[in-house]
Amino acid sequence: IIDWFSPLESITDPVERLSIQYSHPEWIVSSYYDLLKSWEEVEAALKMNNEAATPTLVSWPGFSTQQDLIDVGGKPTQFSPYGVHWKGNPGALDLIKSRKIGVQDEGSQLVAEVFAKAATGTSWLDMCAGPGGKAALLSSIARQRSITFTANEISAARAELVSQVVHGDRVLVSDGRTIGSLAEKFDAILIDAPCTGLGALRRRPEVRWRRNLQHLRELTQLQRELIESAVRALKVGGVLGYATCSPHLAETSIQVADIKKKFGNVEQISVKPFIPRNLEGGVREEAMSLWTHRSGTDSMYLALFKKVSE
């Protein structure tokens, strides 16, 4: 029997060894270590990225409940009050066909739930809404609270997908970077920012080879421009949520530090009062920072801010 992995034992550099063993580019392995500070945890995270995720369903308040999903055989999610894990084909469910539920990772559900708990006022904006997972849940929550919900998406095709799941709420097709220059202001804005997607590699394994450091630089610049637009479009006293499906420092903590340095009129608010009590190890520097190997969710990130002056 040939042991293909035996040469790995002679590789002393952990980045190189783990990169080969778990089929991840070295820059991703390094970025995980920057955050986790433990090679054992890095290895656990990389290993999880190579295991296929079970579909997670989400109930939309006002249209369905978590109990409806349990009744058709789903297993309740550990942290989200809206979801279940489902081993069958979601497309076969009548609840999906009638647009009363959706398919959405539990981490993504938590971003929407935590943002909704922190958000105030009567007008909410999802600035980068396509393909519509968070928008669908947020719009349902908003409707229950008599809040006006608007979804914005730059791609017309993706905006069409969003319009199918927000049950008649307004969907704009525009570049989020231009919204700050409009007259309309919002009480709460979620930026689910375009990012490298390093937090969902188990769902889209090919992304690890399609992204590189140049993409990271371009995406962090786009994120900064979206943040600037959102701060301008936010009413004083309003809440801004900045979310990515990436744990990379450049797309999370460094972006947050940049916001605090650049905008004297916003203050970070802690996610701690808004996250599930049983979510351990899910907070980094007052922001929600999930890891697949810790919570079984995609590695989502959410930082919250309040606009204190114009």
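Note that these values count all heavy atoms, side chains included, but never hydrogens, waters or copies made by symmetry.
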Side-chain donor-acceptor contact under 3.5 Å, [X] with [Y]:
X: T292; Y: S299; result: yes
X: S309; Y: N265; result: no
X: E106; Y: T297; result: no
X: T56; Y: D105; result: no
X: R284; Y: S253; result: yes
X: T54; Y: K87; result: no
X: Q255; Y: E251; result: no

Main chain of [Y], side chain of [X]: is a donor-acceptor contact present, judged purely on distance under 3.5 Å?
X: H293; Y: W291; result: no
X: S181; Y: T178; result: yes
X: E153; Y: R158; result: no
X: S229; Y: L226; result: no
X: T244; Y: S246; result: yes
X: S30; Y: W27; result: no
X: S140; Y: A136; result: yes

Does a salt bridge link [X] with [Y], judged by any charged N lying under 4.0 Å from a carboxylate O?
X: K306; Y: E267; result: no
X: K272; Y: E285; result: no
X: E41; Y: R294; result: yes
X: E43; Y: K47; result: no
X: R143; Y: D169; result: yes
X: D298; Y: R203; result: yes

Walk me through it: do R211 and T196 pass the test side-chain hydrogen bond (donor to acceptor under 3.5 Å, both in side chains)?
CA-CA 7 Å; R211 295 289 194 209; T196 54; 5.7 Å; no
Heavy-atom count around [X] [atom1] within 6.0 Å, excluding the residue itself: above 12?
X: K185; atom1: NZ; answer: yes
X: Q221; atom1: CD; answer: yes
X: K235; atom1: NZ; answer: yes
X: K262; atom1: NZ; answer: yes
X: E51; atom1: CD; answer: yes
X: R145; atom1: CZ; answer: yes

State plainly whether one hydrophobic cluster holds both [X] and [Y], where clusters connect Ile, Leu, Val, Met, Phe, Trp and Tyr through side-chain heavy atoms under 4.5 angstrom apart.
X: V256; Y: V231; result: yes
X: I101; Y: Y82; result: no
X: L46; Y: M48; result: no
X: L222; Y: I179; result: yes
X: Y301; Y: L249; result: no

Compare every heavy atom of [Y] with every heavy atom of [X], then report the nearest pair and how far apart it is.
X: P25; Y: R208; result: CG-O, 3.0 Å
X: Q109; Y: L137; result: O-CD2, 3.9 Å
X: Y32; Y: V42; result: C-CG2, 4.0 Å

What about F186 and W124, are their ring centers closer than 6.0 Å?
no
